[in-house]
Undergrad: 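Would you mind keeping the following structure in view while I ask a few things?
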Amino acid sequence: MAAARPTSSQTPAVPDAPATPASTPASAPTLPVLGGRRSSYRERVADALRAALIAGELLPGEVYSAPTLAARFGVSATPVREAMLDLAKEGLVDAVPNKGFRVTEVSDQQLDEYTHVRALIEIPTVVALSTTADPVSLEALRPAAREIVAAAVAGDLIAYVEADTRFHLGLLALAGNAHLVEVVRELRGRARLYGLTALSASGRLLASAEEHLELLDALLSRDERVVHAVMTRHLGHVRGLWASARE
């Protein structure tokens, strides 16, 4: 997955990936495919880095060099450098000449605004799916929901973010509006879950993870009231529990 961790051996191998440098450990992680959208190796490296940024594994204000990140992620420096340039265009990092890339900081106001927009988009969209979504398509999201729970149990924050991204974007895709999915993808990428580590250490991450299964069950039961309640509570965690290390 996106960063070296004990659970990475469970991730399927990346097809057509460049040869791993000789200095890379044999246990180096493979890279994720988020939502089935990205296919190039450079974009998959960018997804791995983005997941690390969202989870707070790469700290705001810190400068990271491409070789350092390449060693951490088990890939060569070139795709990391190219991927970081892509993330710089998105405003997630700033290029620092002759040093690397500085992770940009996100203010409390920005986090509030991102969460507000997500709520305006996602809650009514998912509630509508309780009457329109095909049960087979909903059930197809259950493996991702279970991955989220497994990552929470393992305390694997990068895997949590990756699986959470696949689940939510896959769910929104059932509404048939590709532009809506891209807007939410961008909002999620700009957020920072600074409190995710504390949430995991306190044991509260598991409760949030299990909400994905609860949401699926409510959707399959066609219970709009429960779907609305679960989505409202779940998105509330983004700001109320995850967004700030101070909380």
Side-chain angles (χ1 to χ4, degrees), residues 1-15 28-39 43-58 73-74 115 118 122 125-126 129 133 137-174 181-182 184-220 230-231 233-238 241-243:
M1 300 296 284
R5 55 178 184 268
T7 59
S8 61
S9 61
Q10 300 171 1
T11 307
V14 178
T30 51
L31 299 174
V33 178
L34 300 186
R37 182 178 71 92
R38 301 182 186 274
S39 58
E43 288 173 325
R44 293 176 73 175
V45 171
D47 274 334
L49 292 167
R50 188 179 289 105
L53 283 165
I54 295 170
E57 294 286 332
L58 300 181
F73 284 74
T115 305
R118 283 190 59 190
E122 294 185 61
T125 300
V126 175
L129 289 175
S137 298
L138 289 171
E139 277 294 348
L141 294 170
R142 197 171 293 277
R146 288 173 176 157
E147 283 183 47
I148 297 169
V149 174
V153 171
D156 191 336
L157 304 185
I158 302 299
Y160 188 98
V161 170
E162 290 166 356
D164 184 71
T165 299
R166 288 199 308 274
F167 177 89
H168 283 285
L169 296 185
L171 181 60
L172 292 173
L174 298 182
V181 175
E182 287 305 310
V184 174
R185 184 194 300 272
E186 181 180 351
L187 289 169
R188 290 175 62 92
R190 291 181 178 277
R192 298 288 192 279
L193 307 184
Y194 296 140
L196 200 58
T197 300
L199 189 63
S200 177
S202 70
R204 290 180 293 162
L205 186 61
L206 180 58
S208 181
E210 290 174 339
E211 287 176 346
H212 297 84
L213 293 168
E214 183 183 356
L215 178 61
L216 273 184
D217 291 339
L219 284 164
L220 288 164
V230 175
M231 275 300 297
R233 182 189 343 133
H234 189 66
L235 283 180
H237 291 166
V238 174
L241 293 178
W242 295 356

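Not measured: the values here are computed from a predicted model.
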Undergrad: About how many Å separate CG of Leu53 and CD1 of Ile158, when rounded to the nearest 0.5 Å?
TA: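 Rounded to the nearest 0.5 Å, the CD1-CG separation comes to 9.0 Å.
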Undergrad: Quick one: CG on Leu187 to CD on Glu182, what's the gap to the nearest 0.5 Å?
TA: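 Rounded to the nearest 0.5 Å, the CG-CD separation comes to 11.0 Å.
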Undergrad: For Ala144 versus Ala163, what's the shortest heavy-atom pair and its separation?
TA: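 Looking at all heavy atoms of both residues, the shortest contact is O-CB, 4.0 Å.
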Undergrad: As an exercise, state the distance from CG of Leu220 to CG of Leu138, rounded to the nearest 0.5 Å.
TA: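 Separation between the atoms: 5.0 Å.
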Undergrad: Output the distance between atom CG (Leu219) and atom OG (Ser137), rounded to the nearest 0.5 Å.
TA: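 Here the interatomic distance stands at 12.0 Å.
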Undergrad: Report the C-alpha separation of Arg142 and Asp217 in whole Å, then their side-chain angles, then the decisive distance to 0.1 Å, and conclude whether the salt bridge (Lys or Arg N to Asp or Glu O under 4.0 Å) test is met.
TA: CA-CA 10 Å; Arg142 197 171 293 277; Asp217 291 339; 3.1 Å; yes
Undergrad: With under 30° as parallel and over 60° as perpendicular, where do the rings of His212 and His168 fit, or are they tilted in between?
TA: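 It falls in the perpendicular class, over 60°.
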Undergrad: Only one of Leu235, Leu215, Val230 forms a side chain to side chain contact (heavy atoms under 4.5 Å, CB included) with Val126, so which one is it?
TA: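 Per the side chain to side chain contact (heavy atoms under 4.5 Å, CB included) rule, the option paired with Val126 is Leu215, out of Leu235, Leu215, Val230.
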Undergrad: For the pair Arg233 and Glu214, evaluate salt bridge (Lys or Arg N to Asp or Glu O under 4.0 Å) and give the outcome as yes or no after the intermediate values.
TA: CA-CA 12 Å; Arg233 182 189 343 133; Glu214 183 183 356; 3.2 Å; yes
Undergrad: If every non-hydrogen atom of Ala145 is compared with every non-hydrogen atom of Leu213, which pair is closest and at what distance?
TA: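 Ala145 and Leu213 have their closest heavy atoms at CB-CD2, 3.6 Å.
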Undergrad: Contact between Thr125 and Leu171 at the side-chain level, heavy atoms closer than 4.5 Å - yes or no?
TA: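 When only atoms from C-beta onward are counted, Leu171 and Thr125 do not touch, as no gap falls below 4.5 Å.
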Undergrad: Give the intermediate values and the outcome of side-chain contact (heavy atoms from CB on, under 4.5 Å) for residues Val45 and Phe73.
TA: CA-CA 9 Å; Val45 171; Phe73 284 74; over 6 Å; no
Undergrad: Please report the interatomic distance CD1(Ile148) to CG(Leu141), rounded to the nearest 0.5 Å.
TA: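 If we round to the nearest 0.5 Å, Ile148:CD1 and Leu141:CG are 9.5 Å apart.
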Undergrad: Nearest 0.5 Å, what's the CG-CZ distance between Asp164 and Arg188?
TA: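 So the CG of Asp164 and the CZ of Arg188 are separated by 4.5 Å.
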Undergrad: Using the rule given for salt bridge (Lys or Arg N to Asp or Glu O under 4.0 Å), can you reason through Asp47 versus Arg44, listing the C-alpha separation, both sets of side-chain angles and the distance that settles it, and then say yes or no?
TA: CA-CA 5 Å; Asp47 274 334; Arg44 293 176 73 175; over 6 Å; no
Undergrad: List the atom of Leu174, the atom of Ala133, and the distance in Å for their closest heavy-atom pair.
TA: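 Reported closest heavy-atom pair: CD1-CB, 4.4 Å.
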Undergrad: Check step by step if side-chain contact (heavy atoms from CB on, under 4.5 Å) holds for Leu157 and Leu205.
TA: CA-CA 10 Å; Leu157 304 185; Leu205 186 61; 3.9 Å; yes
Undergrad: Do Glu211 and Ser208 make a side-chain contact, defined as non-hydrogen atoms from C-beta onward lying under 4.5 Å apart?
TA: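 Yes, at least one pair of side-chain atoms sits under 4.5 Å.
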